[in-house]
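Take a look at the structure below.
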Amino acid sequence: VTARVSLGPEGSEVKVPVYQGIGLRAVVADPKDGAFMVPAVTSGQFRVVTQGLPPEVYVADVLQAGVSIYDSGLTVAGKTPDLIEVVLRSGSATVAGTVRDATGKTMANATVVLVPPASRRGNRSLYKTVSTDQVGRFMIRGIAPGNYQVFAWQRDPEGAYYNERFLSRYLHRGRSVYVNQESTIP
């Protein structure tokens with residue numbers, strides 16, 4: 001597996017150019033031992049972001065000194081942080097389904113978002129977003145097994161679903177699903 005790893009800024013740092021630059025600086029993990037190093041990281045709060053994983057592989061956890069930081073993120077505070085371990089597993093889940101409006105008509109080009117449970121919503125890595133095809137079908141791959149809710153919008157809410165206040169208005173419309181190796185939503 002050839003994975004790319006980057007550090008995405010969190011909180012107020014998201015809009016600061018120096019932090020945006022750090023987030024854009026993806027490094028390739030060594031294919032032999034998986035080692036990676038992100039150089040010149042400024043103090044701040046970050047999320048470990050992986051890219052380039054095959055669809056059957058998912059991030060199971062991110063550890064620092066043996067403690068999970070997958071949901072809480074990485075804090076860099078003036079010194080080189082302890083080593084980070086990104087735990088990958090095979091056997092990721094797939095969610096597939098069809099989006100229909102209130103009259104039963106399929107919805108082309110709708111935005112479908114897989115949202116983690118409330119306790120893990122701070123971890124943006126667990127959200128997955130796709131668009132439906134011309135007949136309302138969608139497929140989301142590379143999902144860590146667990147409980148989620150699936151939402152669909154005709155217009156793309158452009159990341160508003162990360163906001164708990166926005167999402168709370170639609171919780172009654174979400175479809176709860178337990179995702180294992182293969183899940184389909186009719």
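As the structure is a computational prediction, the values presented were derived from the model and not from experiment.
The CZ atom of R124 lies 14.0 Å from the CG atom of D71; values are rounded to the nearest 0.5 Å.
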Under 3.5 Å, side-chain donor or acceptor atoms of residues 48-58 against the rest of the protein: list the pairs with distances, not counting sequence neighbours.
none

For residues 138-145, please give each side-chain donor-acceptor pair under 3.5 Å, one per line with the distance, not counting sequence neighbours.
none

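Residues satisfying the ring pair (Phe, Tyr, Trp, His ring centres under 6.0 Å) test with Y170, not counting sequence neighbours, are W153, F166. Annotation: side chain to side chain donor-acceptor pair (under 3.5 Å) contacts of T129 (sequence neighbours excluded): Y161. Take N163 and apply the side chain to side chain donor-acceptor pair (under 3.5 Å) test, not counting sequence neighbours, and it matches no residue. With sequence neighbours excluded, the residues satisfying side chain to side chain donor-acceptor pair (under 3.5 Å) with R137 are D133.
Remark: the backbone N or O of L126 is not paired with any side-chain donor or acceptor of R120 at under 3.5 angstrom. Listed for the Y162 side chain is no donor-acceptor partner under 3.5 Å among the backbone atoms of L167. The closest donor-acceptor contact from the side chain of D33 to the backbone of A35 lies under 3.5 Å. A donor-acceptor pair under 3.5 Å links the side-chain atoms of N123 to the main chain of Y70, judged by distance alone.
For the pair P117 and N147, the tightest heavy-atom approach, listed with the atom from each and the gap, is CD-O, 3.0 Å. Of all the heavy atoms in S68 and S72, the pair that sits closest is O-OG, 4.2 Å.
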query = Between V113 and V150, is a side-chain contact (heavy atoms from CB on, under 4.5 Å) present by the stated rule, with each step listed?
reply = CA-CA 6 Å; V113 182; V150 179; over 6 Å; no

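For the pair R173 and F151, the cation-pi criterion (under 6.0 Å, within 45° of the ring axis) is not fulfilled.
Just one residue in the list E10, Q45, Q64 forms a side chain to side chain donor-acceptor pair (under 3.5 Å) with T75, and that residue is Q45.
Sparse packing is recorded around CZ of R155, with 12 or fewer heavy atoms of other residues, nucleotides or ligands lying under 6.0 Å away.
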